[in-house]
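Each chain gets a letter, A, B and so on, in the order the sequences are listed, and its residues count up from 1. Bear in mind the structure is a predicted one, so any value in this text is a computation, not a measurement.
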Amino acid sequence: MAQAALPGFRDFYPEQFAERAHVMGIWRDVARRFAFVEYDGPPLEPLDLYTKKSGDEIVGQLYNFTDKGGREVALRPEMTPTLARMAAARANALRKPVRWFSVPQLFRYERQQRGRLREHFQLNVDILGEADVTADAELLAVAIEIMRACGLSSSDVRARVSDRRLLRAMLAALGVSDEQTPAVFGVIDKLDRQPRDVSREKLAALGMTPDSIDGLLALMGDVTLDEIERQFGGSPEVQTLLADFRRYFGCLEGLDVLDWVTIDLKIVRGLAYYTGIVFELFDAKGELRAICGGGRYDNLLQSLGGVDMPALGFGMGDVVLAELLRDRGLLPERSEGPQVWIATESPSTSHAVRRAATALRRNGVSVEYALRDQQLMKQVKAAKAANASFVLTLHDPADDNVTTRHSWNPAPPPEWDRLLADADL
RNA sequence: GUGGCUGUAGCUCAAUCGGUUAGAGCACCGGUCUGUGGCACCGGGGGUUGCGGGUUCAAUUCCCGUCAGUCACCCCA
């Protein structure tokens, strides 16, 4: 067998490329409708851009090597550090809020599974310089409008949102100390993936009392803000955060995406740098990995770029989204064919075929024709096989039975006939 | 990185208990059809059965290793 692509890397044949272009086209279209502008950075970065904040253990998941100049480098595994560097370099000059998006190809050295490769394209949408929840709502609306633009509905995809600050304040009210909070977040993150008894034991081991564990777990299913308020209304901090959260939902209602959204305090996101509202998008059947995840990371630019600026963003990979759309029949079946296929009755008109093709092509029409002499039926079949929209047949002028020089099937836009009339066939 | 399952043509799958030259459909190429849209018929190319080793008179079939895919962990973009 011929040499295959490396594990976790993909060849994009035209059919797959059409799918990729379809998804990326929607990403860019929706991002622009929300007035985000596109940027990009280098796919190869200094290794310490990623190890500085995440620690050396992340190196195991990076494509890293020493370049010929002796520099430790890595293929980018995520876009946020690059964004932080770029934004920090021009922090004072940028008009706030910054609304940027990018579609980088990202790399991670991990054993692959369905929906998880060693390379993928990921839409990154970020807002910098706005601390209010109005920005959080705007961000989530972008992600949801992309789902809508893909042809999905709120019964296909659910957005689950949480607020890390709120959860932290609730834990504090339950007597969990600041030092324990990250570990408790870790248990909450795994709540759906491990038995409740195991979670209880782990929480107990972290020093939580049975009563506070019960109180916490009771809120980890479907909850409303009112229930949270009933239980934690005594905490002024929770009150303040709940008010923000309510305004957030008010914004989502105004953006007409509220019916996609569910509160789920189990969503804490693995990454430690999230500080506020976080969210994930899942297929409603729960068959696939998360489609999208993001949230607020107000301290990250400070630690990575040295500029104190509130920030939030999400990443949406192409792999899981394409899987979902393929399952739902929402991807283009085949790559687009030429608009026009020009067939000819006899080799005597082959010169006219090229003239006609050129006249149409110079006016923006995509045109293909047979590169070798073939019978007309063969050409028509080739046109069909190529998925051409129109067949233009040039007739043999020596044939007394024909009255026109050419014919169309089906009828073309009138201007195409004018182009042919002006052309010197 | 750990463990389970699976590898036959580009795709979907056959091949009796281990037994002749590994077959079929789709796809692709050529031909017939004097013709204007996926028809029909004829023909063709395409396989070191993932790769390597072992057992055997004989391996697609049994065993081991390896590579790849996949699932669960791990981790999460």
Flag for A:E110-A:Q61: side-chain donor and acceptor within less than 3.5 Å: yes

Geometric class of the A:W408/A:H406 ring pair [parallel <30°, tilted 30-60°, perpendicular >60°]: perpendicular

For A:R116 against A:V319, the heavy-atom pair lying closest together: N-CG1, 4.4 Å

Gap between atoms CD and P, on A:E119 and B:A77 respectively (whole Å): 18 Å

Nearest-angstrom distance from the residue atom OH of A:Y50 to P of B:C75: 22 Å

Whole-Å C1' distance, B:U8 and B:A15: 10 Å

Whole-Å P distance, B:C5 and B:C39: 45 Å

Distance, rounded to the nearest Å, where A:L117 contributes CG and B:C71 contributes P: 11 Å

Presence of donor-acceptor pair under 3.5 Å, side chain of A:R289 and base of B:C76: no

Distance between C1' atoms of B:U66 and B:G30 (Å, rounded): 42 Å

Counter-base of B:A40, judged by Watson-Crick or G-U geometry with both distances under 3.5 Å: B:U32

Pairwise C1' distance, B:A59 and B:G3 [rounded to whole Å]: 29 Å

Which nucleotide in B:C39, B:G38, B:A68 has an atom nearest any side-chain atom of A:M377: B:C39

Rounded distance in Å between the P positions of B:C74 and B:G10: 38 Å

Atom C1', compared across B:U61 and B:A14: separation rounded to whole Å: 14 Å

Nearest-Å distance for atom pair CG/P, residues A:N387 and B:A27: 15 Å

Touch class at under 4.0 angstrom, heavy-atom based, for A:A343 against every strand present: nothing

Distance in angstrom units between A:L321 CG and B:A77 P, rounded: 17 Å

d(NZ, A:K378; C1', B:G37) in whole Å: 14 Å

Sugar-phosphate only, base, or nothing, as touched by A:G8 at under 4.0 Å among non-hydrogen atoms: sugar-phosphate

Salt bridge A:R296-A:D298, side-chain N to carboxylate O under 4.0 Å: yes

Base B:C74 paired with A:R111 side chain (donor-acceptor, <3.5 Å): no

From B:A77, B:G37, B:A68, nucleotide with atom closest to A:R108 side chain: B:A77

Counterpart base for B:A72, defined by Watson-Crick or G-U wobble contacts under 3.5 Å: B:U2

Touch class at under 4.0 angstrom, heavy-atom based, for A:R10 against every strand present: nothing

Pairing partner of B:A59 (Watson-Crick or G-U wobble, both distances under 3.5 Å): none

Same-atom distance (P) from B:C73 to B:G53, integer angstrom: 38 Å

Partner nucleotide of B:G45 by Watson-Crick or wobble geometry (both distances under 3.5 Å): none

Centroid-centroid distance, A:F121 to A:W27, less than 6.0 Å: no

Between P of B:C73 and CZ of A:R116, the distance in whole Å: 12 Å

Sugar-phosphate, base or nothing in reach of A:I291, heavy atoms under 4.0 Å: nothing

Selected nucleotide, minimal atom distance to A:Q375 side chain, candidates B:G30, B:A77, B:U32: B:U32

Among B:G35, B:G37, B:C75, the one nearest A:E345 by side-chain distance: B:G35

Short side-chain N/O contact from A:K190 to OP1 or OP2 of B:C75, under 4.0 Å: yes

Row check, A:Y63 ring normal vs A:R118 NZ/CZ: under 6.0 Å, within 45°: no

Touch class at under 4.0 angstrom, heavy-atom based, for A:L376 against every strand present: base

A:Q105 side-chain N/O to B:A77 phosphate OP1/OP2 under 4.0 Å: no

Side-chain ion pair, A:K96 and A:E130, N-O less than 4.0 Å: no

Watson-Crick or G-U wobble partner of B:A22, both distances under 3.5 Å: none

Base paired to B:U66 (Watson-Crick or G-U; both N/O distances under 3.5 angstrom): B:G50

Interatomic distance where CD belongs to A:E110 and P belongs to B:A68 [whole Å]: 16 Å

Under 4.0 angstrom between A:R372 side-chain N/O and B:G30 OP1 or OP2: yes

